[in-house]
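Everything below concerns the one structure shown next.
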Amino acid sequence: MTSKGQKVIQQWYKQKQWKQFPFQKEMEEAYLSGFSGLLNAPTGSGKTFALFLPFLADFINKYPDTYTTQKNNGLLMLWITPLRALTNDIRKAMQEVCDDIGLPWRIMTRTGDTSAAEKAALKRKLPEVLLTTPESLHLMLAQKEYNKVFKGLRVMVCDEWHELLGTKRGVQVELGLSKLKSLSRESELESKGGLRLQTSDSELRIWGISATIGNLEQAAEVLLGNDFSPERIRMVRAHVNKKLVIESVIPPNIENYSWAGHIGVKLLPQVMEIVAKSKTTLIFTNTRSQSEIWYHAIIDNYPEYAGIMAMHHGSLDNDLRNWVEQALHAEALKVVVCTSSLDLGVDFRPVDTVVQVGSPKGVARFMQRAGRSGHHPGAISKAYFVPTHSLELLEGAALKQAIKKGVFESRDPMLLTMDVLIQFMVTLAVSDGFRADELFKEVKTTFAFADLRRDEFNQLLDFITNGGKTLAQYDEFLKVEVENGLFKVNSRRVAMRHRLSIGTITSELSIRVKWLSGGSLGTVEESFISKLKPGNTFWFAGRSLEFIKVKEMTAYVKKSKSTKGLIPSWNGGRMPLSSQLSAVFRDKLDEVANGIETDIEVKALKPLFGLQAELSHLPQSHEFLIESFKSREGHHLLFYPFEGRLVHEGMASLLAYRISKIKPASFSIAMNDYGFELLTDEDIPIEEALEDADFFSINNLIDDIQHSLNSNEMARRRFRDIAHIGGLVFTGYPGQPVKNKHLQASTSLLFEVFNEYEPDNLLVRQAYNEALAFQLEEFRLRAALQRIQTQNIVLKVIERPTPFAFPILVDSLGRERLTTETMEERIAKMARRYGADEVADKPSPRSRKTGVTRKKGF
DNA sequence: GACCTGCTGCGGCTTG
C-alpha cells in the first residue's frame, strides 16, 4: 500500500524525470518503519535526497493537514555536516524539493558564516530544517532556553559521519546528540497534542551518512550511542558501483628515476600529457609546499596554462579558494593543483581526471580523491598515480589490488576525551545549567564515555567549579558555580570567553601575507618569514613576491619579477602509510620475491628489484630483512618492517634502547614509510641482540618506550591542544590573538605543575594516552613486533646502499638522536676522533647536517 | 646513482 507521502514523493521524481536511486526503496522502508541507523553511500549518489524524501513522506503521512494548511512551527530536522560549504548546497536542494511539492517550509543554515541578522531571524521563528556544523550545534546549546529550540526535533542527520568519526569533533557530535536525545524524551513526556501526537513515533530518530570505511557497524554504534537497542537500528548500503580506472604513470627510464624524493616533478611531461588530453584535471599533492612547487613548475615549463590553471590549499586566502571552486564549476579551469582541501566539498562536475602525485598513504583517501572525477551518475572515474621515487611505484600496484579486494581503512572512535567533556559541561553551565546526576547519566550513553567512572566525572566537576586540586587558588579557573545542585556559570565574562572558544580544532599561529595595497593572499609560518630579509623574493599562491616588512603578524609584499625564490613549507600532520595499504604493499613485495610479475608496475621495477636481490635480499612474507654496512659516518643498520613511519619511529627508538642495554651507544635514527635506520659510530652488536629472544618482544614495551624516547615531551605537546580544548587557556579575542609563545609557555607551565603535584590529573593522563596512541601508534607497533617475531630474520652485510636503503639514508631530516651514554663517554669518544682541543666546536659532519635536536612534532 | 615532506576542518567580537 502506498501512502500519501510516498505518492507525493513519487510524483516529485516523475516531475524531475529522475529515476529512483537503487537504495532509495530500502532507505524509505527503513525510515518509514521508524528505524535509526547508518546510510552507507558515496558522495554524488543522491544520498541527501535518499534521506530527506522519506523524512518528508513520513511527515506528510502523519500530518496531512499541516502539509496543506501550513500550520507548523518548530525545528523538525537537524542536519550536521563537517563543512560549512556543504550546508549551503544541501539547503538549496532541500528548499527546491519543498517548493516543488508545495510544502511551505523554511530550510536554513546556521554556521559561522551566518550573519547576526540571520541568527536573530532564526531565533524569532524556527525553520523546519536546520543545517549546521558540530561547533554551531554546541554554540546553540550554549544559548539560554535551548531546550525550546530542540524539543520538537524528530530526526537528526549526521552527514559525512566518517569524516567526524575518529576525531574530537566526532565526540562533540556524540555529546550533543546525547543531550538532544534526552530533551526529546523529556518533551515526549510533556507533550499533549500539537505535533507530538503519537508517543510511539515521536522518539528522535538518528541517521548517519557515511562513505565506506572498514568499521561501518561500529560507526553506527558510535553515532547512536549505548542506549539504542539493536533492533531499532538499520544499516542501508547503497552498493553504488562506481567505475574506477587507475593507471600508474611509469617513469620512462626507470633505471634513471630517482630512488628517493617526494616531489616527483621529473614526471611533469607525462602528467601534462594527461592534462592536455583531459577536459579538467585535479592534481592532488600531499603537502601545501608540494602544490606550490608543482604549480610553479607548470607555469615555468608550460606558460600557455597561465589563466586556465589554479592552486588550492589550506593556507591560501578564502577568497582565492572560493574563486577557484567557482571557476572549476564554471569550467573555466583546465587544471587545479591542490591538497586534501579539495577532497571533500562541492561537486565539481567538469572534472574528468584526477592525478595523485606521491603516495596517497591510504586506500580510502585515494578512492575519495579518485571519486572527485567523473562525478555524474554512471560516469567513469579516472585516476592516475604518479610515483615520486622508484619504490613508490609498487604502491600503485598495491592500491589497485586493495581497491579490487575492497580493503578499507577504519576510523577508530576516540574514547574518554576529557577535554571535550569539560568543554561540553561548561557549555551547558553557560546556558541553562546542568544537574550532575542527570548529566552523568546522559554522558554515559555516548560511545566515547561509556566507561567513564563516577569518580572521574566528579573530578571533572571539581575541576570546573574549584579548579581541581592544583588550580584551586586561581580565580581564573573557577568558572562554574553550584546553586541548589545546579551547575551554572554566572559571570558574563566567563560565559563569553567560553562561547568564543567552543570547538576542538586548534591551530598554530600564522603570519598573514598581504599586498602593500591591501588584499590578503593567505598565511605562512612565522619560521618561514623569519628566514627572509626585506627585498627577498619568495613564491606563494603561485606568485612571485617581494618581501617588504612584517607588522603585527602580517607580512607585506609586492609583486616581484624574479623567477627564482624560496617556496614556503608548512608544518602539518605526518601521515603514515595506513596499516591496510602497508599490508597489501607487503603482499606485493612477497609476489616480487616469488617471481610473480603480473603487474605492470612490478615489471617496470624489475631492474630495481634485481639490484636489491643482487646487493642484498628480497624478503618474502615470512622473512624480515636487516641490512648492515659501514661507512665513514659509522655503522648503519637498516630494518624493513614496511609499517609506516610513525611505527618505525617508535620501533627504532625501542630497538636502539634495547641494543644500548648490551653496549652503551648513541644512535642516530632515520626512517621512512618502508623502514628505518640506526646509525652509530661504533660497532653495533646486532648478532648478539638478535640472539636475545626479547629483542623484538612486546614484553616491557611501554616501559622500554618510556626509557627510549622522551614521552614527557610528546605528552607536553599533546597537552597544549588538550588545555586549549578544555578551556584552561584563553587564546584571545578574535582579531587580537594571544601571542603563541605565551600560550606555549602557559600550557607548558600547567603541564609541569600538574605533572608534579597532580600526576593522576585526567587531562595529563589523556595527554600521555594520546601521545601513545596517535604519535606512536602503539597498537600498530605491537602488532608489527608480534609479526616480526614469527618471521625469519635475514641479516645481510651489504657493500653499499641498496634500493631499499637509499631513500632512508637520504631521509636525514627526520633524524633523531638517542643517547644512553654518559656525557663523559661521549666526550671521550669525540676526543679520540678529533683530538682533545677541537671537541667543543666540531660535531661530526653528519650530526651538524641533520641537527641533533628533535624535529618539531616531538 | 643521488635527495632533502608533512593535510583538513570551525568558531567568536568586547570584557577585564
Side-chain angles (χ1 to χ4, degrees), chain A residues 81-87 110-114 116 119 132-139 142 160 163-164 167-170 172 255-264 266 284-293 312-315 338-345 357-362 365 368-369 388-390 475-476 491-507 567 569-576 608 611 645-646 670 672-673 725 730-737 800-803 806-815 849-851 855-857:
Chain A
T81 78
L83 251 68
R84 277 189 306 237
L86 292 174
T87 57
R110 200 268 181 230
T111 68
D113 297 334
T114 309
K119 280 178 202 162
T132 190
T133 58
E135 288 80 6
S136 279
L137 168 63
H138 279 247
L139 280 164
E160 311 274 0
E163 280 292 323
L164 294 168
T167 71
K168 289 186 182 177
R169 297 182 82 199
Q172 221 177 355
E255 284 92 339
N256 295 330
Y257 198 62
S258 50
W259 287 6
H262 303 281
I263 303 299
K266 269 196 187 168
F284 279 102
T285 61
N286 281 339
T287 72
R288 286 164 275 183
S289 187
Q290 195 181 10
S291 57
E292 296 270 354
I293 293 170
H312 196 281
H313 63 68
S315 289
C338 60
T339 61
S340 331
S341 55
L342 283 186
D343 270 2
L344 255 94
V357 181
S359 166
K361 310 279 181 182
R365 187 180 287 111
Q368 174 70 36
R369 291 181 177 175
T388 56
H389 62 259
S390 305
D475 296 350
E476 184 73 19
S491 152
R492 278 189 62 203
R493 179 167 176 262
V494 169
M496 192 195 64
R497 281 182 162 218
H498 180 76
R499 277 196 286 262
L500 281 173
S501 44
I502 281 182
T504 61
I505 299 172
T506 55
S507 43
I567 289 180
S569 68
W570 290 262
N571 224 312
R574 302 196 287 164
M575 318 161 270
L608 190 86
L611 193 60
R645 60 178 302 144
L646 294 186
N672 66 10
D673 275 322
I725 296 167
F730 181 58
T731 39
Y733 292 98
Q736 34 180 305
R800 59 192 181 96
T802 61
F806 189 74
I808 303 175
L809 297 172
V810 164
D811 194 302
S812 54
L813 277 179
R815 192 161 286 267
K849 182 177 144 209
T850 57
K855 218 187 153 198
K856 210 167 146 195

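Just so it is clear: chains get the letters A, B, ... in the order the sequence lines come, proteins before strands, and each one is counted from 1. In this text the structure is predicted, and so the values were computed from the model without any measurement.
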**OP:** Confirm from the modelled atom types if A/R645 and B/dG6 form a donor-acceptor pair under 3.5 Å, side chain to base only.
**Re:**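 Flag set: donor-acceptor pair detected.
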Original post:
Ignoring hydrogens and angles, does a donor from either the side chain of A/S340 or the base of B/dC7 sit under 3.5 Å from an acceptor on the other?
Top reply: yes
What nucleic acid atoms does [X] come within less than 4.0 Å of, heavy atoms only: base, sugar-phosphate, or nothing?
{"X": "A/H138", "result": "nothing"}
{"X": "A/R369", "result": "nothing"}
{"X": "A/T111", "result": "sugar-phosphate"}
{"X": "A/L344", "result": "nothing"}
{"X": "A/L611", "result": "base"}
{"X": "A/S289", "result": "nothing"}

So, is [X] close to the [N] phosphate, meaning a side-chain N or O under 4.0 Å from OP1 or OP2?
{"X": "A/T167", "N": "B/dG9", "answer": "no"}
{"X": "A/R288", "N": "B/dG6", "answer": "no"}
{"X": "A/K119", "N": "B/dG12", "answer": "yes"}
{"X": "A/R169", "N": "B/dT8", "answer": "no"}
{"X": "A/T504", "N": "B/dG9", "answer": "no"}
{"X": "A/R84", "N": "B/dG9", "answer": "no"}
{"X": "A/S341", "N": "B/dG9", "answer": "no"}

Closest nucleotide among [options] to the [X] side chain:
{"X": "A/M496", "options": "B/dT14, B/dC13, B/dG6", "answer": "B/dT14"}
{"X": "A/K266", "options": "B/dC3, B/dG11, B/dC10", "answer": "B/dC3"}
{"X": "A/H313", "options": "B/dT8, B/dC10, B/dG16", "answer": "B/dT8"}
{"X": "A/R365", "options": "B/dG9, B/dC7, B/dT5", "answer": "B/dC7"}
{"X": "A/S258", "options": "B/dT5, B/dG11, B/dC3", "answer": "B/dC3"}

Taking atom [atom2] of [N] as reference, at what distance in whole Å does atom [atom1] of [X] sit?
{"X": "A/E160", "N": "B/dC10", "atom1": "CD", "atom2": "P", "result": "13 Å"}
{"X": "A/I502", "N": "B/dC13", "atom1": "CD1", "atom2": "C1'", "result": "14 Å"}
{"X": "A/R493", "N": "B/dT15", "atom1": "CZ", "atom2": "P", "result": "11 Å"}

Subject >> Interatomic spacing from OG1 in A/T133 to CZ in A/R169 - rounded to 0.5 Å >> reply: 6.5 Å
Original post:
Got a sec, which residues hit side chain to side chain donor-acceptor pair (under 3.5 Å) with A/H312, two or more places apart in sequence or on another chain?
Top reply: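 A/H312 satisfies side chain to side chain donor-acceptor pair (under 3.5 Å) with A/E325, A/S341 once adjacent residues are dropped.
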**OP:** Identify, with sequence neighbours excluded, every residue that meets side chain to side chain donor-acceptor pair (under 3.5 Å) alongside A/Q368.
**Re:** none
